[in-house]
**Q** 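Dumping the structure here so I can ask a few things about it.
So you know, we letter chains A, B, ... as the sequences are listed, proteins then strands, and number each from 1.
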Amino acid sequence: MACLATALIKNLGRHIGETVTVQGWLYNFRSSGKISFLIVRDGTGLVQGVMVKKEVGDELFALAGTLTQESSLKVTGTVREEPRAVGGYELTLTGLEVVGIAAEYPITHKEHGVDFLAERRHLWLRTPRQTAIIRIRSEIEQAFRDFFYQRDFVLADAPVLTPAACEGTTTLFELDYHGDKAYLSQSGQLYNEATAAALGRVYCFGPTFRAEKSKTRRHLMEFWMIEAEMAYYDIDDNMKLQEEMVCYVIQRVLERCGQELKTLERDVAKLAAVKLPFPRISYTEAVALLKNAGEDFTWGDDFGAPHETMIGNSFDSPVFVHRYPTAIKAFYFKPDPHDANVVLGADLIAPEGYGEIIGGGQRLDDLALLEARLAEHKLPREAFEWYLDLRRFGTVPHSGFGLGIERTVAWICGLDHIRETIPFPRMLHKMYP
RNA sequence: UCCUCGAUAGCUCAAUGGUAGAGCACCCGGCUGUUAACCGGGUGGUUGUAGGUUCGAGUCCUACUCGAGGAGCCA
């Protein structure tokens, strides 16, 4: 057979009346004896090919009958509009090349449990819902990069192997580094502060690791974080940048991922409702909000997941909660000049119960106070000498933040669980495949 | 680490303490517009593991294993 032009399913609308070849996998097959329907997927969409026995001949028709779900194939046919078919277009088939017959496929079009699907994540990814999520994740990551690029940020990636705990709080994955101990990064922030002093405005994007025994719908052992750090930014500059960034990303997904959001049955009105500026409330105001809602909460405690949800559900947009008690935040936050009991940290809590998606704030830029804080937190001074250098040599007010990609994807996609937001999630006690 | 719930066919689930079943998948047959196609037939089980109670246990009890949801911690 002559080699005809190949086409992506998502572009079939450009080829009406033409004969094209689609390279993909068999998603579903139906036959009524003299006419067959082959639904093919190629990663960009689904298209139905129609094969009529008396037009293609007995041999080709019989070949189609041997196809199993997920067999790889190339189908050739004429493109036409067909409102009855999935995607709106249909191929009148004239050719079929079988590339590989698939063995009996475990994932059917019926329901499956999460454990069954998780064990077959490498195959589960082929389903329309999962491909929609990964496409939206890709768009979100691209949008972040474009946002920073447009604003003259420099991508300065942080190391994944680190010599010491960044914050000294969470449990880290430890490994052997030629006889010394090393840890998988839990944050690129301290390194960002160094590159920000070199380049002004920077961000890094990479995986981070937490060995906490967390087993909830919001936690992964390995997750990806966008972290930015800006010289000469105060807490208000920081929040303004973050809300503009989040709005930009939401708009990009609404503009370019309509089909995927539809596949996920996402209520896009809730995304469209996200408008600038985001509400800002202080920690103290958030405590009052919780108490008014009948919660028993003491000023000075950290919010639990239910509290975050209550705060987030009180607003249509994400909400900043700023100026937390000094005692519950990491050593590197700058105290509020007007109230030494709180620091200039600000977290962004997503609506619809998705919880904290950004943690950030203005950094402590005073050398003496930073040294005192390291001692208070019982952190090994030697490991932070390089970090103290950043205050010795031209310290400036600066701020930054870290945004969790997976929680952001879960929110934008409206997912129940974070495990679907990354191709191969690392869960507590589960990292196969 | 703690709390709650669960485990029956390849999958999703039924089954008063009394003969283990259905739908789907798969195999065979039928059907020229199917949409998780449909219709007829067929294959398919050490009921998570080990004990215990009982005339009799998928069902009740104990322990363990694995899984799910949540808490804490966090993004």
Side-chain angles (χ1 to χ4, degrees), chain A residues 27-39 46-56 61 65-66 68-70 82-88 90 92 102-120 123-124 127-128 166-172 185-189 207-227 301-309 318 328-330 347-350 354-360 401-411 416-419 421-422 427-430:
Chain A
Y27 180 74
N28 204 359
F29 178 83
R30 303 183 194 95
S31 177
S32 49
K34 297 186 177 103
I35 183 168
S36 295
F37 302 92
L38 291 71
I39 298 183
L46 294 172
V47 68
Q48 175 164 274
V50 183
M51 184 179 279
V52 179
K53 189 176 187 180
K54 68 180 182 187
E55 290 173 14
V56 300
F61 193 82
T66 67
T68 52
Q69 184 186 355
E70 286 301 314
E82 175 52 79
R84 286 177 295 183
V86 60
E90 204 168 65
T92 303
E104 187 177 333
Y105 197 65
I107 300 179
T108 67
H109 297 129
K110 296 284 181 180
E111 292 172 39
H112 297 285
V114 290
D115 188 38
F116 180 84
L117 291 170
E119 283 289 315
R120 293 157 184 80
L123 303 176
W124 185 22
T127 59
C166 171
E167 304 182 8
T169 50
T170 54
T171 315
L172 305 184
S185 172
Q186 64 169 341
S187 166
Q189 182 203 311
T208 51
F209 307 85
R210 306 278 167 93
E212 297 285 350
K213 306 279 187 203
S214 300
K215 183 173 161 8
T216 79
R217 68 180 68 191
R218 297 180 308 279
H219 288 88
L220 294 171
M221 299 299 101
E222 174 183 317
F223 64 97
W224 286 63
M225 195 151 59
I226 288 261
E227 293 178 277
D301 290 345
D302 208 351
F303 301 127
H307 302 128
E308 263 182 17
T309 299
I328 59 170
K329 282 294 180 184
D347 292 347
L348 186 67
I349 297 174
Y354 283 95
E356 181 185 344
I357 57 171
I358 294 179
F401 63 88
L403 173 142
I405 288 288
E406 285 76 16
R407 285 189 185 174
T408 303
V409 173
W411 166 44
D416 291 334
H417 201 294
I418 200 167
R419 67 180 148 232
T421 61
I422 184 167
M427 317 281 294
L428 185 64
H429 303 141
K430 182 183 273 294

**Q** Rounded to the Å, how far apart are A:Ile107 CD1 and B:C11 P?
**A** 12 Å
**Q** Here's a test of your reading of the structure: between A:His112 and A:Gly304, which maps to the more 5' nucleotide of RNA chain B?
**A**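 Whichever sits nearer the 5' end wins; that is A:His112.
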**Q** For the C1' atoms, the ones on B:G69 and on B:C24, what distance do you get once it is rounded to whole angstrom?
**A** 27 Å
**Q** Report the residues that fulfil side-chain hydrogen bond (donor to acceptor under 3.5 Å, both in side chains) with A:Ser36, sequence neighbours left out, ordered by chain and then residue number.
**A** A:Ser31
**Q** If the condition is side-chain contact (heavy atoms from CB on, under 4.5 Å), which residues does A:Ala118 pass it with, not counting sequence neighbours?
**A** A:Lys430
**Q** Mind checking side-chain hydrogen bond (donor to acceptor under 3.5 Å, both in side chains) for A:Ser214 and listing every partner two or more places apart, or none if nothing turns up?
**A**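 side-chain hydrogen bond (donor to acceptor under 3.5 Å, both in side chains) check on A:Ser214 returns nothing, list empty.
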**Q** Which is true for A:Asp302 with a 4.0 Å heavy-atom rule: it touches a base, it touches only sugar-phosphate, or it touches nothing?
**A** sugar-phosphate
**Q** Between B:U34 and B:C39, how far apart are the two P atoms, rounded to whole Å?
**A** 14 Å
**Q** Excluding sequence neighbours, so at least two apart, what forms side-chain contact (heavy atoms from CB on, under 4.5 Å) with A:Arg419?
**A** A:Val114, A:His417, A:Pro425, A:Met427
**Q** In whole Å, measure the gap between the P atoms of B:U19 and B:G72 for me.
**A**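 So the two P atoms sit 48 Å from each other.
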**Q** How would you label the contact of A:Glu308 with the nucleic acid (heavy atoms, under 4.0 Å): base, sugar-phosphate, or nothing?
**A**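 It contacts base atoms.
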**Q** Which part of the nucleic acid does A:Gly355 contact within heavy-atom distance under 4.0 Å: base, sugar-phosphate only, or nothing?
**A** nothing
**Q** Test of understanding: with side-chain contact (heavy atoms from CB on, under 4.5 Å), list the residues that count as partners of A:Glu356, not counting sequence neighbours.
**A**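 Testing A:Glu356 for side-chain contact (heavy atoms from CB on, under 4.5 Å), a comparison that skips the adjacent residues, returns A:Glu308, A:Asp347, A:Arg407.
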**Q** Mind checking what makes side-chain contact (heavy atoms from CB on, under 4.5 Å) contact with A:Gln69, not counting sequence neighbours?
**A**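 By the side-chain contact (heavy atoms from CB on, under 4.5 Å) rule, A:Gln69 matches A:Tyr105, A:His109.
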**Q** Going by ring-ring contact (aromatic ring centres under 6.0 Å, His included), name the residues that satisfy it together with A:Trp224, two or more places apart in sequence or in a different chain.
**A**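 For A:Trp224, the residues satisfying ring-ring contact (aromatic ring centres under 6.0 Å, His included) (neighbours in sequence not counted) are A:Phe205.
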**Q** What protein N or O atoms touch nucleotides 64-68 of chain B N or O atoms at under 3.5 angstrom, if any, and at what distances?
**A**
{"residue": "B:A68", "atom": "N7", "partner": "A:Lys215", "partner atom": "NZ", "Å": "3.4"}

**Q** Base, backbone or nothing for each nucleotide of nucleotides 26-34 of chain B, written B, S, -, heavy atoms under 4.0 angstrom, 5' to 3'?
**A** S----BBBB
**Q** Applying salt bridge (charged side-chain N to carboxylate O under 4.0 Å, His left out), name anything that partners A:Glu227, two or more places apart in sequence or on another chain.
**A** none
**Q** Return one dot-bracket line describing RNA chain B 5' to 3' (Watson-Crick or G-U wobble pairs, both distances under 3.5 Å; ( ) same strand, [ ] crossing, | another strand, . none).
**A** (((((((..((((....[..)))).(((((.......))))).....(((((..]....))))))))))))....
**Q** Distance check needed: B:A75 C1' versus A:Met225 CE, whole Å only.
**A**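 Rounding to the nearest Å, CE of A:Met225 and C1' of B:A75 are 7 Å apart.
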**Q** Using the test ring-ring contact (aromatic ring centres under 6.0 Å, His included), find all partners of A:His219 that sit at least two apart in sequence or belong to another chain.
**A**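 A:His219: no ring-ring contact (aromatic ring centres under 6.0 Å, His included) contacts found.
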